[in-house]
Amino acid sequence: MLILTERIVKEKLNGLESLGEKESFFEDMIKGVVDIKRGVLAINAELHSDLEKYLLDNGSDNRDLYGINILLDDYEIEFDSLINPPRNREAGFPRAGRDVADPVAREKIVEVVNKWIEL
């Protein structure tokens, strides 16, 4: 797991060893959790909940965390995670499921990802 502290180019996601990571968990994507309030992005875990806990242990508030996947074929952001339903309910979207339903949160997620990764 890694909290990005400097901007990286998207190609580095294909070889996380260059960022000091020992392994990548998936060949076709990288899981991430975004703190939309602090502008922080944690990447590279088997589960979004692991990244969520990692950010909570590093000063984030649960209400500000959303799970995403970055698909490595086309570097697209997928707004799908099991940690998202509570955020959706809090934002007034109780039936949205695992997707990020709040358009404002989606915009902030994209801003944070673009802040740390040159997609």
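For the atom pair CD1 (Ile77) and CD1 (Ile70), the distance works out to 6.0 Å, reported to the nearest 0.5 Å. In this structure, Met29 CE and Glu76 CD are separated by 13.0 Å, a value rounded to the nearest 0.5 Å. Annotation: the span from Ser24 atom OG to Ile43 atom CD1 amounts to 8.5 Å, rounded to 0.5 Å. Rounding to the nearest 0.5 Å gives a distance of 8.0 Å between NZ of Lys108 and CG of Asp102. Taking CZ of Arg98 as the reference point, atom CG of Asn84 lies at 9.0 Å (rounded to 0.5 Å). A distance of 4.5 Å separates CZ of Phe79 from CZ of Arg106, quoted to the nearest 0.5 Å.
In terms of heavy-atom proximity, Ala45 sits nearest to Leu51 at CB-CG, 3.5 Å. The two residues Ile30 and Leu72 have their closest heavy-atom pair at CG1-CD2, 4.0 Å. Taking every heavy atom of both residues into account, Tyr54 and Asn58 meet most closely at O-ND2, 2.7 Å. In terms of heavy-atom proximity, Glu11 sits nearest to Tyr75 at CA-OH, 4.0 Å. Taking both residues in full, the closest heavy atoms of Leu56 and Ser60 are given as CD2-O, 3.4 Å, listed atom of the first, atom of the second, then distance. Of all the heavy atoms in Ile36 and Tyr66, the pair that sits closest is CD1-CE1, 3.6 Å.
Surrounding CD of Glu17 are more than 12 heavy atoms belonging to other residues, nucleotides or ligands, all under 6.0 Å away. Other residues, nucleotides and ligands contribute more than 12 heavy atoms inside 6.0 Å of the CZ atom of Arg7. Atom NZ of Lys37 sits in a sparse spot, with 12 or fewer heavy atoms from other residues, nucleotides or ligands closer than 6.0 Å.
Looking at Lys10 and Asp74, no side-chain N of the basic residue comes within less than 4.0 Å of a carboxylate O on the acidic one, giving no salt bridge. With respect to Arg87 and Glu90, a salt bridge is recorded, a charged nitrogen being found less than 4.0 Å from a carboxylate O.
Both Val113 and Leu16 are members of a single hydrophobic cluster when ILVMFWY side chains are connected at heavy-atom separations under 4.5 Å. There is no path of hydrophobic side-chain contacts, each under 4.5 Å, that joins Ile68 to Leu71. In the hydrophobic cluster analysis, where Ile, Leu, Val, Met, Phe, Trp and Tyr join through side-chain heavy atoms closer than 4.5 angstrom, Ile8 is grouped together with Ile109.
Using a distance-only test at 3.5 Å, with no hydrogens or angles considered, a donor-acceptor pair links the side chain of Asn88 to the main chain of Ala101. Looking at Glu21, its side chain does come within 3.5 Å of a backbone N or O of Met1 through a donor-acceptor pair. A donor-acceptor pair under 3.5 Å is formed between the side chain of Asn44 and the backbone N or O of Glu23. Within the 3.5 Å criterion, the main-chain N or O of Gly39 finds a donor-acceptor partner in the side chain of Trp116.
Results of the side chain to side chain contact (heavy atoms under 4.5 Å, CB included) test with Leu41 over Ile117, Val33, Ile3 single out Ile117 as the only residue that passes.
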>> I'd like to know whether Leu119 forms a side-chain contact (heavy atoms from CB on, under 4.5 Å) with Asn114, so could you lay out the CA-CA distance, the side-chain angles of the two residues, the decisive distance to 0.1 Å, and finally the verdict.
In response: CA-CA 7 Å; Leu119 294 178; Asn114 286 329; 4.1 Å; yes
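Side-chain contact check for Asn69 versus His48: some heavy-atom pair is nearer than 4.5 Å.
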